[in-house]
Amino acid sequence: MLVMGILNVTPDSFADGGKHYDFESAVAHGLQMIAEGVDIIDIGGESTRPGADRVSEEEEIARTIPVITELAKYGTRISIDTMRASTAKAAINAGASIINDVSGGLADPLMLQTAAQLSVPYIAMHWRGPSKDMNSKAIYGDVVNDVISELQKRIDAALVAGISTNNLIVDPGLGFAKDADHNWAIIDAIDQFVAMGYPVLVGGSRKRFLGGDSPDQREQATIELTQRLAPTGVWAVRVHSVKPHKEVLSV
Ligand code: PMM
């Protein structure tokens, strides 16, 4: 299982907002993750925490592209965490090689065709709408069936847009329009997501459903989640701290 390290170049992400907001500290954190053996660095310039406002395209590009250009020099794989086709394109041109779209192509009508043209791996996450009011959309009949069928629709749209089967990765979107019970039901049924036939990415790192009063208190639970997912066939976990996850996976 691969470890995707999170590098949020934002002032307001829920767990690491503000920590790597300027160029120097973002690059330093990326280099630290490389030294710790990260497999993919996921660079984002827009917070998706519950209630977050959107940032402009100019701001998102100004935050992420210089950091991508610098870290790409070290040869580590970089993904761009964006819902915008224009940002995705600029990031791939700057040296990123994976698009991580939390909206699964729903936020920007140009995203899927842009990903197809760029011909790079595309992560489609399960999403029901912008972070501003996503908590009100956490209503499911059977959460596992509903999320799988909504993800399948995004896969179908991606294939119609010309993204190749080999370039598709899916993500159940823990914490996005989901309460704690929904997240745990998905984790318990992760084999059904793996059975969809695409690599599965899981991003539970330090999210509220893991308990604790603050994101910092959820690191141990995040490591235990990685341990639990390791034998399930999940392709990668998206985490804030690389070293303990690499260690637990090596065991
Ligand atoms: N979670 C966040 C941001 N981007 N991308 C994917 N593919 N999956 C996730 O679960 C996910 C994501 C929110 O967490 P952050 O603010 O710590 O980046």
Side-chain angles (χ1 to χ4, degrees), residues 2-21 26 29-30 33 39-55 60 63-64 67 77-84 87-88 91 96 98-107 111 115 121-128 130-132 134-135 138 147 151 154-155 158 168-178 180 182-183 186-187 190 193 198-210 212 214-216 218-219 221-222 225-226 229 234-242 245:
L2 301 182
V3 172
M4 173 185 273
I6 302 169
L7 181 46
N8 286 320
V9 195
T10 57
D12 58 340
S13 288
F14 79 97
D16 58 351
K19 284 192 190 152
H20 320 297
Y21 187 35
H29 190 57
M33 291 197 281
D39 297 294
I40 301 159
I41 301 180
D42 188 44
I43 301 182
E46 176 171 32
S47 171
T48 50
R49 74 182 156 74
D53 282 318
R54 301 282 327 253
V55 299
E60 190 185 27
R63 289 177 184 177
T64 53
V67 180
R77 295 199 79 183
I78 295 171
S79 53
I80 174 70
D81 185 347
T82 185
M83 295 187 266
R84 283 198 184 90
T87 306
I98 302 174
I99 299 169
N100 174 22
D101 176 7
V102 299
S103 84
L106 288 170
M111 179 59 105
Y122 174 78
I123 300 166
M125 199 191 79
H126 175 261
W127 188 82
R128 281 188 162 181
S131 299
K132 193 96 190 140
M134 66 179 170
N135 289 345
V147 171
L151 261 181
R154 303 321 304 151
I155 292 171
L168 268 176
I169 296 160
V170 296
D171 182 332
L174 298 179
F176 286 80
K178 292 165 198 86
H182 297 139
N183 294 323
I186 287 168
I187 292 165
I190 203 68
F193 289 84
Y198 297 91
V200 175
L201 172 68
V202 176
S205 190
R206 300 186 189 174
K207 288 182 180 170
R208 193 184 298 265
F209 74 95
L210 293 171
S214 69
D216 285 346
R218 300 175 191 138
E219 186 53 25
T222 306
L225 179 59
T226 293
L229 293 172
V234 162
W235 168 72
V237 282
R238 181 181 179 278
V239 296
H240 292 92
S241 63
V242 169
H245 295 272

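Heavy-atom basis, side chains included; hydrogens, waters and symmetry copies ignored. Since the model is a prediction, treat every value here as computed from it, not as a measurement. Counting starts at 1 for both ligands and their atoms, following the listed order.
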Subject >> Considering all heavy atoms, the nearest Arg49-Asp12 contact >> reply: NE-O, 2.7 Å
**OP:** With a 4.0 angstrom cut-off on heavy atoms, strictly below it, pick out the residues next to ligand 1 and order them by chain and number.
**Re:**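 Within 4.0 Å of ligand 1, the protein residues are Ile6, Asn8, Ser13, Phe14, Thr48, Asp81, Asn100, Val102, Met125, Asp171, Phe176, Leu201, Gly203, Lys207, Arg238, His240.
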Original post:
Hey, what's the ring geometry for His20 with His29, parallel, tilted or perpendicular (30° and 60° as the breaks)?
Top reply: parallel
**OP:** Can you spot which of Val170, Leu201, Leu168 makes a side chain to side chain contact (heavy atoms under 4.5 Å, CB included) with Ile123?
**Re:** Leu201
Subject >> Passing candidate, side chain to side chain contact (heavy atoms under 4.5 Å, CB included) with Thr64, options Asp81, Thr10, Asn8, Ile43 >> reply: Ile43
**OP:** Could you tell me whether Arg208 atom CZ has more than 12 heavy atoms of other residues or ligands within 6.0 Å of it?
**Re:** no
Original post:
Residues in ring-ring contact (aromatic ring centres under 6.0 Å, His included) with Phe209, at least two apart?
Top reply: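 Result, ring-ring contact (aromatic ring centres under 6.0 Å, His included) vs Phe209: Trp184.
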